[in-house]
Amino acid sequence: MKQVSQLDQNGYFISVTIADESPLEPGVFLIPGNAVDVEPPIVPENKRAKWNGAWVLEDIPPPEVEPEIEPVELTYFQKRYMEYPSVREYLDGIVKGDQAQIDAYIADCLAVKAKYPKPE
């Protein structure tokens with residue numbers, strides 16, 4: 001076994017990893033994918049190391065700031081949709097023959113419609 005330097009897909013040093021000796025060719029080591037057979041770099045704080053035939057130290061870029069998402073005004077239809085009672089309540093009332101439950105469902109729907117009237 002021998003230590004090698006593991007890189008990410010862009011060539012930046014990630015960690016030290018192990019290359020195993022080939023069982024078929026003594027003295028030949030099987031280097032893992034995206035690894036190089038070189039000593040790991042000494043990386044100062046706020047830097048990162050990239051392999052480019054030799055170690056190149058770079059400043060760690062600042063994290064990307066997520067753009068602020070402006071709130072979107074919902075349409076009356078979207079507001080109604082989120083507040084309407086489940087149609088299951090209505091169907092349950094029909095199946096049970098429960099007129100009070102059916103009337104309550106209709107009243108709840110009308111209250112939502114009154115709260116979010118259709119624009120003219």
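Leu7 and Val16 fall within the same hydrophobic cluster, where Ile, Leu, Val, Met, Phe, Trp and Tyr residues are linked whenever their side-chain heavy atoms come under 4.5 Å apart, directly or through other members. If you chain together hydrophobic residues whose side chains sit under 4.5 Å apart, Val87 and Leu110 fall into the same group. Cluster annotation: Tyr84 and Tyr116 are assigned to the same hydrophobic cluster (Ile/Leu/Val/Met/Phe/Trp/Tyr, side-chain heavy-atom contacts under 4.5 Å, transitive). In the hydrophobic clustering of ILVMFWY residues, with side-chain heavy atoms under 4.5 Å counting as a link, Trp51 and Phe13 come out together.
Separating the CD1 atom in Ile94 from the NZ atom in Lys96 is a distance of 12.0 Å, to the nearest 0.5 Å. To the nearest 0.5 Å, atoms NZ (Lys79) and CD (Glu73) are separated by 4.0 Å. How far OG1 of Thr17 is from CG of Asn34: 11.5 Å, rounded to the nearest 0.5 Å. Rounding to the nearest 0.5 angstrom, the gap separating the CG atom in Asp8 from the NZ atom in Lys50 is 8.5 Å. To the nearest 0.5 Å, atoms CG (Leu30) and CD (Glu21) are separated by 9.0 Å. The CD atom of Gln101 sits 5.5 Å away from atom CD of Glu89, with the distance rounded to the nearest 0.5 Å.
The backbone N or O of Tyr12 sits nowhere less than 3.5 Å from a side-chain atom of Asn10 that would complete a donor-acceptor pair. Judged by distance alone, with hydrogens and angles left aside, the side-chain atoms of Gln6 form a donor-acceptor pair with the main-chain N or O of Gly33 at under 3.5 Å. The backbone N or O of Val43 lies less than 3.5 Å from no partner atom in the side chain of Trp55, so there is not a single donor-acceptor pair.
One finds a salt bridge joining Glu83 and Lys115 here, because a Lys/Arg side-chain nitrogen approaches an Asp/Glu carboxylate oxygen to under 4.0 Å.
Taking the six-membered ring where tryptophan is involved, the planes of Tyr90 and Tyr105 are tilted, since the angle between them lies from 30° to 60°. In this structure, Phe77 and Tyr81 have parallel ring planes: the angle between them is below the 30° cut-off, well short of the 60° mark.
The nearest pair of heavy atoms linking Arg80 to Val112 is CA-CG1, 3.7 Å. Taking both residues in full, the closest heavy atoms of Val4 and Ile31 are given as CG1-CD1, 3.8 Å, listed atom of the first, atom of the second, then distance.
Heavy atoms of other residues, nucleotides or ligands lying less than 6.0 angstrom from CD of Glu58 number more than 12. By the neighbour-count criterion of 12 heavy atoms within 6.0 Å, atom CD1 of Ile42 is sparsely surrounded, having that number or fewer from other residues, nucleotides or ligands.
For the side-chain contact (heavy atoms from CB on, under 4.5 Å) criterion with Arg48, the lone passing option out of Asp59, Ile60, Ile14, Val56 is Ile60.
Cation-pi contact between Lys2 and Phe29: present, with separation from the ring centre below 6.0 Å and deviation from the ring axis of at most 45°.
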